[in-house]
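A short write-up of the structure that comes next.
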Amino acid sequence: MLLLPSRGKLYVVGIGPGKEELMTLKAKRAIEEADYIVGYQTYVDRISHLIEGKKVVTTPMRKELDRVKIALELAKEHVVALISGGDPSIYGILPLVIEYAVEKKVDVEIEAIPGVTAASAASSLLGSAISGDFAVVSLSDLLVPWSVVEKRLLYALSGDFVVAIYNPSSRRRKENFRKAMEIVRRFRGDAWVGVVRNAGREGQQVEIRRVSEVDEVDMNTILIVGNSETKVVDGKMFTPRGYSNKYNIGEKRRAERMGASTKGGMEVARRSEEILRSFYPEEGLRGDIIRRCIATTGDVTIKDVIRFVGDTEEGVRALRDGCRIIADVHMVRAGLRRDAIVAVDFARGDDTRTASGIRNLAEMIEGSLVAIGNSPSAAFALCEVAEKHPPRFIVATPVGFVNAAESKKMVRKLPVPSVTTEGPRGGSGICAAIVNCLIEHADRPD
Ligand code: SAH
């Protein structure tokens with residue numbers, strides 16, 4: 001079969017967020033070189049001064065596939081620039097081009113030209129809103145079901161990413177935006193939000209607000225939700241690079257911990273401490289851990305089942321070094337004063353969910369503090385994984401009458417320092433209490 005090389009070429013061009021000045025030189029050259037310009041009317045209008053004398057094909061919004069077909073067809077014979085706003089590979093037309101060309105085996109040379117995406121334009125207009133790790137979520141549920149959008153937003157927030165929100169609203173989707181803001185409020189409190197409308201083009205508006213102050217926005221708007229480190233100073237929203245201290249304790253949380261509580265609360269704490277000391281007077285870390293367990297359970301006899309193996313201070317040192325915490329279940333994570341990775345979220349296959357999660361996190365377990373409060377099978381899995389990937393410290397208090405006691409016995413035999421409970425007693429609450437006690441010691445100024 002004789003295949004004639006096509007003479008044409010398809011450029012998929014990101015033209016940036018607005019005016020020509022935010023377009024790359026390469027994008028401009030591709031447009032100049034093109035015989036045909038294909039795009040959505042609004043984008044084509046934005047570059048009208050660059051395309052005089054060229055043949056232009058526009059299609060209505062939402063007719064992306066038509067645009068792709070036309071562009072690829074024309075590109076068999078001609079040089080074509082398919083125009084996309086911002087960056088073509090970020091909620092743009094590029095994936096459609098690639099998918100279609102591959103599926104239909106279209107023999108056309110394709111070159112994608114990146115552009116300044118809305119998040120990047122908005123971040124600079126606000127100050128330096130993004131700065132470090134960030135996640136991007138589109139609230140449009142045209143191509144992705146809302147349940148997925150919601151879940152990704154949730155995880156981005158729980159990972160403390162700065163979150164850029166694209167496609168926040170349209171006439172039909174006001175409800176989604178309201179729901180999204182509710183999720184943000186629930187998981188990030190009244191965080192700072194940069195609201196940027198028409199970045200880099202006519203009608204540009206830049207505002208910095210609190211989540212509770214954001215009401216309606218339109219589809220020409222992008223939002224950047226700040227994380228726990230984001231600050232607003234002199235009208236600029238910025239997220240410093242790196243943490244304000246390496247243990248990730250925000251100023252507010254630290255103030256709360258240093259006794260910024262009510263008089264009544266302090267009195268209760270003092271009396272409680274007095275009573276606990278009468279039950280168990282031993283000083284130092286181990287004494288504190290046991291008093292914590294008594295306080296959490298309201299049960300003095302718990303002190304008889306707490307077991308320490310190895311150097312308990314190693315747990316404090318590990319946390320001071322900023323080691324990661326891996327918990328078996330969400331209930332443990334919820335009780336902790338630092339964030340943790342939860343094994344059940346990483347379950348695959350048909351093992352019990354926590355055991356599978358622990359195995360899948362094997363490499364990450366090495367050097368971590370592992371907190372198992374619920375699941376004996378997670379504790380067994382940990383014992384296997386620990387041979388190759390030893391954690392730095394283990395708190396294991398799985399609870400119940402099936403395997404709990406045996407699993408903890410096995411943990412005590414590992415060459416890793418640990419705190420466990422003997423027998424069936426334990427649970428997520430005790431587990432979190434023990435880890436929190438280690439965290440408090442780690443956070444104490446020397
Ligand atoms: N490919 C584009 C995004 C297309 S999705 C890019 O990389 O930027 C469309 C969404 O992007 C809009 O709903 C809006 O949230 C955001 N957006 C695009 N251009 C913008 C601009 N100039 N100002 C503010 N938001 C913009």
Side-chain angles (χ1 to χ4, degrees), residues 11-24 26-27 30 38-47 59-65 67-68 71 81-99 112-127 129-130 134-144 146 149 152-153 156 162-178 180-181 184 193-209 214-225 237:
Y11 288 110
V12 185
V13 185
I15 60 165
K19 295 191 191 134
E20 184 192 328
E21 60 194 10
L22 284 175
M23 197 186 291
T24 64
K26 196 166 180 180
V38 181
Y40 167 48
Q41 188 69 49
T42 314
Y43 299 144
V44 173
D45 287 347
R46 251 190 252 152
I47 54 164
T59 60
M61 200 177 164
R62 302 258 185 88
K63 293 282 180 198
E64 282 93 355
L65 195 59
R67 237 172 283 159
V68 169
L82 175 59
I83 304 299
S84 191
D87 184 284
S89 74
I90 300 177
Y91 310 121
I93 205 151
L94 185 56
L96 270 181
V97 174
I98 305 227
E99 203 180 330
I113 299 174
V116 173
T117 189
S120 152
S123 179
S124 309
L125 286 168
L126 288 161
I130 291 176
F134 77 112
V136 177
V137 178
S138 162
L139 298 191
S140 167
D141 56 359
L142 291 176
L143 300 171
V144 179
W146 178 250
V149 173
R152 289 185 182 158
L153 178 61
V162 169
V163 186
I165 298 182
Y166 283 69
N167 292 307
S169 198
S170 74
R171 246 161 280 134
R172 302 181 315 106
R173 278 203 311 273
K174 295 228 180 319
E175 188 55 12
N176 287 1
F177 182 66
R178 198 195 53 72
M181 287 300 108
V184 172
V193 185
V195 184
V196 179
R197 186 160 178 264
N198 289 319
R201 59 190 189 222
E202 288 308 307
Q204 175 176 295
Q205 290 173 348
V206 181
E207 285 172 25
I208 300 169
R209 299 189 203 156
V214 179
D215 32 52
E216 279 203 0
V217 296
D218 68 7
M219 59 187 286
N220 299 312
T221 305
I222 181 163
L223 293 100
I224 299 192
V225 180
M237 172 171 171

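All ligand and atom numbering here is 1-based and tracks the order in the structure. Below, each value reflects all heavy atoms present in this structure, side chains not excepted, and no hydrogens, waters or symmetry copies.
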Compare every heavy atom of [Y] with every heavy atom of [X], then report the nearest pair and how far apart it is.
X      : Y      : answer
Leu126 : Val195 : CD2-N, 4.3 Å
Pro168 : Leu223 : CB-CD1, 3.5 Å
Ile222 : Ala122 : CG2-CB, 3.6 Å

Quick check: does any side chain N or O of [X] sit under 3.5 Å from a backbone N or O of [Y], one acting as donor and the other as acceptor?
X      : Y      : value
Tyr91  : Tyr166 : no
Asp87  : Gly115 : yes
Arg201 : Pro17  : yes
Ser84  : Gly14  : no

Sub-4.0 Å atoms of ligand 1 with respect to non-hydrogen atoms of [X]:
X      : value
Ile222 : 24 (C), 25 (N)
Val196 : 24 (C)
Asn198 : 22 (N), 23 (N), 24 (C)
Asn220 : 23 (N), 24 (C), 25 (N)
Thr117 : 6 (C), 7 (O), 8 (O)

_Nearest candidate to atom 18 (C) of ligand 1, where distance is taken over non-hydrogen atoms, out of Gly92, Gly203, Ala118_ = Ala118
*Shortest reach to atom 1 (N) of ligand 1 by a heavy atom, considering only Ile90, Val116, Val136*: Ile90
*What's the spacing between Asp215 CG and Lys174 NZ if we round to 0.5 Å?*
11.0 Å
*How long is the gap from OG on Ser124 to CD1 on Ile130, to the nearest 0.5 Å?*
8.0 Å
*Of all residues at least two apart in sequence or in a different chain, which pass the side-chain contact (heavy atoms from CB on, under 4.5 Å) check with Ala27?*
Val13, Met23, Thr24, Ile113
Which residue supplies the protein heavy atom nearest to [atom], what is that atom called, and how far is it?
atom                    : answer
atom 23 (N) of ligand 1 : Ala199 N, 2.8 Å
atom 2 (C) of ligand 1  : Gly85 O, 3.3 Å
atom 11 (O) of ligand 1 : Tyr166 CD2, 3.3 Å
atom 4 (C) of ligand 1  : Tyr91 O, 3.5 Å
atom 9 (C) of ligand 1  : Asn167 OD1, 3.4 Å
atom 12 (C) of ligand 1 : Met219 O, 3.1 Å
atom 15 (O) of ligand 1 : Thr221 O, 2.7 Å

*CD of Glu20: more than 12 outside heavy atoms within 6.0 angstrom?*
yes
*Does CZ belonging to Arg197 count more than 12 external heavy atoms closer than 6.0 Å?*
yes
What I want to know is whether [X] and ligand 1 share at least one N or O pair that is separated by under 3.5 angstrom.
X      : result
Ile165 : no
Pro17  : yes
Arg201 : yes
Tyr43  : no

*Ser84 near ligand 1, heavy-atom distance under 4.0 Å?*
no
*asked:* Please confirm whether Pro168 approaches ligand 1 to less than 4.0 Å, judged on its heavy atoms.
replied: yes
